[in-house]
Undergrad: 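First the structure, then my questions, so here it is.
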Amino acid sequence: MTSMHVENVNKSFGNNHVLKNISLSVQSGEFVSVLGPSGCGKTTLLKLIAGLEMQDSGHVYIGGACCDNVPARKRGAVIVFQDFALFPHMTVKQNIDFGLAVKKISRSERERKIMAMLDVMQISDKAEFYPRALSGGQKQRVALARACVLEPRVLLLDEPFSNLDPGLRDDMREFVSKLQRELGITTILVTHDKEEAFMLSGRVAVIIDGCLQQYDTPENIYKKPHTVLVSDFIGEANYISGMISNYHFSCALGDFDAAELVDGEAKLMLRYDQLIISNSKGMPCRIISKVYKGNVTTYRVEIEKSETLGLPEALTLKINSSDSSFEPGHKAFIRVADRAGHVLR
Amino acid sequence: MRKKQPIYNALFYVFVAISCAPLIMLVVLTFSTFWPYPSLLPEVVSLDYYAHVFIENRQTLMAVVTSILLAFFVAFVTLIIAIPAGKAIACYSFKGKGFVKMLVLVPLIVPSVAVIMGIHVTMIRIGLTGTFFGVALIQTLFAMPYAIRIMTNVFEIVGKGLEQQASVLGAGTATIFIKVTLPRIMPGILSAGVLSFTVSIAQYITTFIIGGGRIITVTMLIIPHIQSREHHIAAVYSILLIVSAMISLYLTEKIVRRYYDMDNVVYV
């Protein structure tokens, strides 16, 4: 069990500044996701940790020791690549044996470890198969087995589920999650899929444009993003302008707590499902459009401008509701759900 | 060939026939002792020319051995240089990469006589003319563009992914090359080797100038016979060259395929 942290890491490819001053620490046995849109530099971060790329500045620590000058083969940080990178000319067993054979462990010990790992991965019957004869899920199990059998200090997963069919993907996510808990390996998962990151990890690091935007629990990332950038990446939301004074934010929809922010202009973020539409309670509004999506219906509503409420212009909001009975042109009432609403800059 | 495509089928055989026609002609030529102009087939058939080549000419066997040895040696030296060169061009970025890529193709663009004459002077000075090694060296130069081209493409296809995976799994450079890279690029090595072999076998002018008449390959024996209008004998030598080259390549592939699992490279 090993902790891992990177400190003020920068990396450029030519004029492209891929990683900007990233610092991230992962505790021993923790499962952390690095989440970001494609091309945000997250795979590069993984390669830096593994030692496949060298950072321009900053440091990588594994188990508390700086390993900037340790070559990839001695770091004990094993990557499972997106395309699994199985050696096509070796059988499943030989693939798993590859890293063990290099370590010069006795043959019987290796055999025992391989068998145990095949059993954990539920692919014992495929030991003598070549990778080309395996399905996507089986290939992934082999790739995981090959990495886990080495008891890596840090396991790095690079978009491991994106090459799998949707149904299989959920199975494999659960499998990996369970495996990680059982083996207790410090794991870093890189993904662009927020559901995946939320589902699997205890903490999520959001990287956008090469900067670490927020490093927090999935729930905080979703409900309390620090910036509009993070909030937008995670999901659609309404933003309502207002002012903070004395740790209180006030806007047309009411007052909200803003204890962590200093006075000045700010925005209230409300996810579409944090507003409630009804026939009686809340502020009067007019329904502009309606999109029926089955389990939810998305309404676009407009609150008329009103000087008394502090609305110099009409306010348009989007709401997700399970009630699909409202029709465009009709009047309705909206209110903010209990304890919802997050103030950000 | 699928049954649904009779046109493709027909085309295929037409092309095979066109490619084979000169070879058939060559074979007929070797047996026809007397074949005057209007007759469709030779009037006298004999093995006279074969007798001349194999029994009367003591140089023949030595020439075949020299040709084949030279070709293998050239293929070997070419590969030793082309494998790392291809890897560098495909996988690494360095200053002047575009220039190097062009430089590699230069021996194909510049007329070979010009290249040879330039090198000839230097080779005389260091005493490489008239030696097996000198001839091999100059032939390597002409085999190199093809081999580097092939190896570059092979490395581009194979990529760095598996090597990176092997290194995070704890393998060192040598282990990675032997256990991961080599099996992956073996088909490419074989193709590049075969092409280099063929380039060497077909060389005349390089052997003539650098060999200075002391290195006698089969092509060196063929040309004088063509010049003195003895086409029949030249044909026998040509057949000999083709057959010996094919046997060598066939055996090489058989041996390599014993150790490496891969699809057919030379013979479809």
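Proteins get letters first, then strands, A, B, ... in listed order; numbering begins at 1 in each. As a basis for the values below, the full set of heavy atoms in this structure was taken, side chains included, without hydrogen atoms, waters or symmetry mates.
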Undergrad: How about Phe76(B): does its CZ atom have over 12 heavy atoms from other parts shown lying under 6.0 Å from it?
TA: no
Undergrad: With chain B as the partner, which of Gly99(A), Ala85(A), Gly51(A) has the greatest number of non-hydrogen pairs under 4.5 Å?
TA: Ala85(A)
Undergrad: With the threshold set at 4.0 Å, does a side-chain nitrogen-carboxylate oxygen contact exist between Glu196(A) and Arg169(A)?
TA: no
Undergrad: Give, as side chain, backbone, both or neither, the part of Lys47(A) having an atom under 4.5 angstrom from any heavy atom of chain B.
TA: side chain
Undergrad: Quick one: of Val180(B), Leu162(B), Ile176(B), who has the most non-hydrogen atom pairs under 4.5 Å with chain A?
TA: Leu162(B)
Undergrad: Pick one of side chain, backbone, both or neither for Ala143(A), based on which atoms fall under 4.5 Å of a heavy atom in chain B.
TA: neither
Undergrad: Test of understanding: with salt bridge (charged side-chain N to carboxylate O under 4.0 Å, His left out), list the residues that count as partners of Asp158(A), not counting sequence neighbours.
TA: none
Undergrad: Checking heavy atoms, do the side chain of Leu86(A), its backbone, both or neither come under 4.5 Å from chain B?
TA: backbone
Undergrad: Looking at Phe87(A), is Arg146(A) sitting on its ring face, NZ or CZ under 6.0 Å from the six-membered ring centre and within 45 degrees of the normal?
TA: yes
Undergrad: Could you tell me whether the side chain of Lys113(A) and the main chain of Val149(A) form a donor-acceptor pair under 3.5 Å?
TA: no
Undergrad: Sort Lys160(B) into side chain, backbone, both or neither according to what part of it lies under 4.5 angstrom from a heavy atom of chain A.
TA: neither
Undergrad: Does OH in Tyr146(B) sit with more than 12 non-hydrogen atoms of other residues, nucleotides or ligands closer than 6.0 Å?
TA: no
Undergrad: Among Gln165(B), Arg184(B), Lys179(B), Gln164(B), single out the residue with the greatest number of heavy-atom pairs under 4.5 Å to chain A.
TA: Gln165(B)
